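Written below as structure tokens is the structure these notes are about.
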Amino acid sequence: MKFNLQSKRPANQKIDLHIITTVSTGSGKTKSFSTLPAEFKAVASELKKREFSAAKDSQVLIFNNGHKNIRYVLVLGLGDHKNLTLEHFRLAGATARKNAAAIKSVNVTGDIVQKATKSFSDADQIQAFVEGFILAGYQFTRYKKGSKETIKTLTLEGATNSKNKNAIKLAEVLCEGVCLARDLVNTPAEHMAPVDLAKAAKSLTGVTTKVHNLAAIKKMKMGSFLSVAQGSTAKPPYFIEMHYKPKTKAKKKIALVGKGVTFDSGGLSIKPSKGMETMKMDMGGSATVISIMSILHKLKPNVEVSGYVAATENMVDGHAQRPGDVCTAMNGTTIEVLNTDAEGRLTLADALTYANRKKPDYMIDLATLTGACLVALGEEFSGLMGNDETLIEKIKECGDATGDLVWHLPLPEQYNDQLKSSIADLKNIGSGYGGTLTAGLFLQNFVGNTKWAHLDIAGPAWTDRGGGYKTKGGTGTMVRALSKLITSF
Ligand code: BES
Ligand code: ZN
Ligand code: ZN
């Protein structure tokens, strides 16, 4: 699909679908479309008949009654212009894509920029719309043919300047990252084992990847990571590191650490079958990290970025760790494993230790870590914890701007008591409520004094329903937000 800009739609352009966004004044009154060009006469009268007020999420698809060049017109209401956010444009883009596909469009145009809004540039609006348009059309086609793609071009009205052109390019690059993350998550665990994550990391452009095998992991004494991996002799673990360096001197060094449990059966503290159905997604954090790394050579940030993934399954063969076993993490901390289903933090403990030894300025981990985070924040928000207010604030801003929503949660010192073990330095589960926070506190033992943020993406990494620009399955959450963060330095 090609994305174009044009300053004005030529009168003779042959189009299957033309998209118009509109805002309301919030009064709920029928909107006057008297300013629509004469060729949309049929549209204007239809909108009037339907008392179209441009309310948020409203849409009207109209057959442009016999017009010789424009087959259909889609009018999208964005709601009260005072409440407009970029997310409205992403959702408009998603609705546009679905309608365009439904009527088998080939060439689509859009007049979507709202001039009245002062908060967002034309470029921001164009970028958001294109993101929604691309992401809503994602299909996972590895095992089943997708519906045939008919759309060849989307041409948006806007100044053909470099700002707007770059906005389109940026949207395309970011969505390439998001779609890779979705592919990685959607691939069943049988075909997305630790070795496959390593292959994905090795295939990246502009990134140096190093993969450590089981023997190397043992040599590095990653005992916490290994305690999880030992029950999965059939699919051995890999420790993956990826490095991106900018051409000029790096302003900062950022470490991204992703949970890469390619299947979480729970181990001997086994999950009920319902709880296991979606556990191929337990590598969602690593999917986001690998996908961000995959687009860095196009985003060209001024920072050095390293990605780390301790990839393993959490399985139950005869070598599996038992509840009550004690392991020794890479940094010497002993951990009593009372619940083998709290495995993510065990893999992350050593990944964080490893990442931290490279002395990054900032360390951010992403993990589908706790069911409790889903209970607390639902499917739309990631839990955000950490030890540095400025970093937390920055991530929050990037999340708000991109629609990868996060909510700041505390790391209450007084809950550390819950992680005390009578026979080891730590135990791997808390003793009460607040499971997301005790998981975060557990991780804090492995980050030293480095500025660190932890994102529990258990909710947003996956959706059973889809909707908007999300499609059923993996979402690629936080790819766009953290890319924004990385390019902001
Ligand atoms: N991978 C799960 C968390 C999860 C659950 C992610 C549902 C997405 C959806 C994690 O490894 C886990 O099982 N956590 C346990 C921790 C508990 C044993 C302290 C949980 O949340 O139940
Ligand atoms: Zn688990
Ligand atoms: Zn897990």
Side-chain angles (χ1 to χ4, degrees), residues 185-186 189 192-194 197 224-225 227-232 235 237 257-288 309-316 320-325 335-351 365-383 385 409 415 418-419 421 426-443 454-465 473-475 477-478:
V185 171
N186 289 338
M192 192 46 63
L197 273 185
S224 183
F225 173 29
S227 78
V228 178
Q230 72 188 47
S232 174
K235 292 205 191 299
V257 180
K259 173 173 172 182
V261 173
T262 58
F263 186 74
D264 183 9
S265 73
L268 281 169
S269 315
I270 200 159
K271 285 185 186 294
S273 42
K274 262 279 160 223
M276 241 185 260
E277 276 178 9
T278 58
M279 277 303 125
K280 66 174 182 184
M281 62 81 109
D282 214 16
M283 35 58 75
S286 69
T288 294
V309 178
T312 181
E313 291 197 308
N314 186 21
M315 296 295 269
V316 284
Q321 68 177 335
R322 310 148 195 86
D325 282 355
I335 304 163
E336 184 183 14
V337 178
L338 289 174
N339 190 319
T340 63
D341 197 11
E343 85 297 340
R345 63 197 76 182
L346 296 171
T347 65
L348 288 167
D350 287 337
D365 77 73
L366 299 108
T368 47
L369 204 60
T370 64
C373 200
L374 262 159
V375 175
L377 300 178
E379 292 183 354
E380 298 280 339
F381 285 83
S382 291
M385 289 142 270
L409 299 173
Y415 291 4
Q418 291 190 38
L419 295 171
S421 155
L426 283 175
K427 57 182 168 123
N428 79 327
I429 49 168
S431 45
Y433 297 120
T436 304
L437 315 184
T438 45
L441 284 168
F442 180 92
L443 297 180
H454 159 56
L455 282 156
D456 192 331
I457 59 169
W462 179 270
T463 169
D464 283 326
R465 287 172 285 125
T475 59
T477 190
M478 294 313 287

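One is the number of the first residue; the rest follow in order along the sequence. Whatever order the structure lists ligands and atoms in, that order sets their numbers, starting from 1. Note that the structure is a prediction, hence the values are computed from the model and not measured.
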Quick test: of every protein heavy atom, which one is nearest to [atom], and how far off is it to 0.1 Å?
atom: atom 20 (C) of ligand 1; result: Gly371 N, 3.9 Å
atom: atom 7 (C) of ligand 1; result: Met279 CE, 3.6 Å
atom: atom 18 (C) of ligand 1; result: Asn339 ND2, 3.4 Å
atom: atom 16 (C) of ligand 1; result: Arg345 NH2, 3.9 Å
atom: atom 10 (C) of ligand 1; result: Leu369 O, 3.3 Å
atom: atom 12 (C) of ligand 1; result: Asp341 O, 3.2 Å

Given the protein's heavy atoms, is any one of them under 4.0 Å from atom 22 (O) of ligand 1? no
Positive for side-chain contact (heavy atoms from CB on, under 4.5 Å) with Ser265, one of Asp282, Val316, Thr340: Val316
When you look for heavy atoms under 4.0 Å from ligand 1, do you find them on the side chain of Lys259, its backbone, both, or neither? side chain
Location of contacts on Asp282 toward ligand 1, heavy atoms closer than 4.0 Å: side chain
No-hydrogen, no-angle side-chain donor-acceptor test under 3.5 Å, Thr463 and Thr475: no
Interfacing atoms of ligand 1 (cut-off 4.0 Å, heavy-atom, [X]):
X: Lys271; value: 2 (C), 12 (C), 13 (O)
X: Glu343; value: 11 (O)
X: Ala458; value: 6 (C), 8 (C)

Indicate yes or no: at least one non-hydrogen side-chain atom of Phe381 is less than 4.5 angstrom from one of Asp456. no
Any side-chain heavy-atom pair of Ile335 and Arg345 under 4.5 Å: no
Test Asp341 against Ile429 for side chain to side chain contact (heavy atoms under 4.5 Å, CB included), laying out the working first. CA-CA 9 Å; Asp341 197 11; Ile429 49 168; over 6 Å; no
Measure from atom 6 (C) of ligand 1 to every heavy atom in Thr368, Thr278, Asp264 and give the option owning the shortest one. Thr368
Checking Lys235 against Met315 for the side chain to side chain contact (heavy atoms under 4.5 Å, CB included) test, could you report, in this order, the C-alpha distance in whole Å, the side-chain angles of both residues, the deciding distance, and whether it holds? CA-CA 9 Å; Lys235 292 205 191 299; Met315 296 295 269; over 6 Å; no
Examine Asp282 and say whether one of its N/O/S atoms is closer to the Zn ion (ligand 2) than 2.8 Å. no
Hey, is ligand 1 close enough to Ile429 that some N/O pair sits below 3.5 Å? no
Proximal heteroatom of Asp264 relative to the Zn ion (ligand 2) (N/O/S): OD2
Among the N, O or S atoms of Glu343, which one sits nearest to the Zn ion (ligand 2)? OE1
Measure the spacing between CG of Leu455 and OG of Ser382 and express it to the nearest 0.5 Å. 6.0 Å
Please name the pair of heavy atoms, one in Gly267 and one in Asn314, separated by the smallest distance, quoted to 0.1 Å. N-ND2, 3.5 Å
Shortest non-hydrogen contact from Pro194 toward Thr262: CD-OG1, 3.3 Å
Run the salt-bridge test on Lys259 and Glu343 with the 4.0 Å N-O cut-off and return the result as yes or no. yes
I would like to know whether Leu369 and Leu348 meet side chain to side chain contact (heavy atoms under 4.5 Å, CB included); could you show each step before the answer? CA-CA 10 Å; Leu369 204 60; Leu348 288 167; 3.9 Å; yes
N/O/S atom of Lys259 inside 2.8 Å of the Zn ion (ligand 3), strictly under: yes
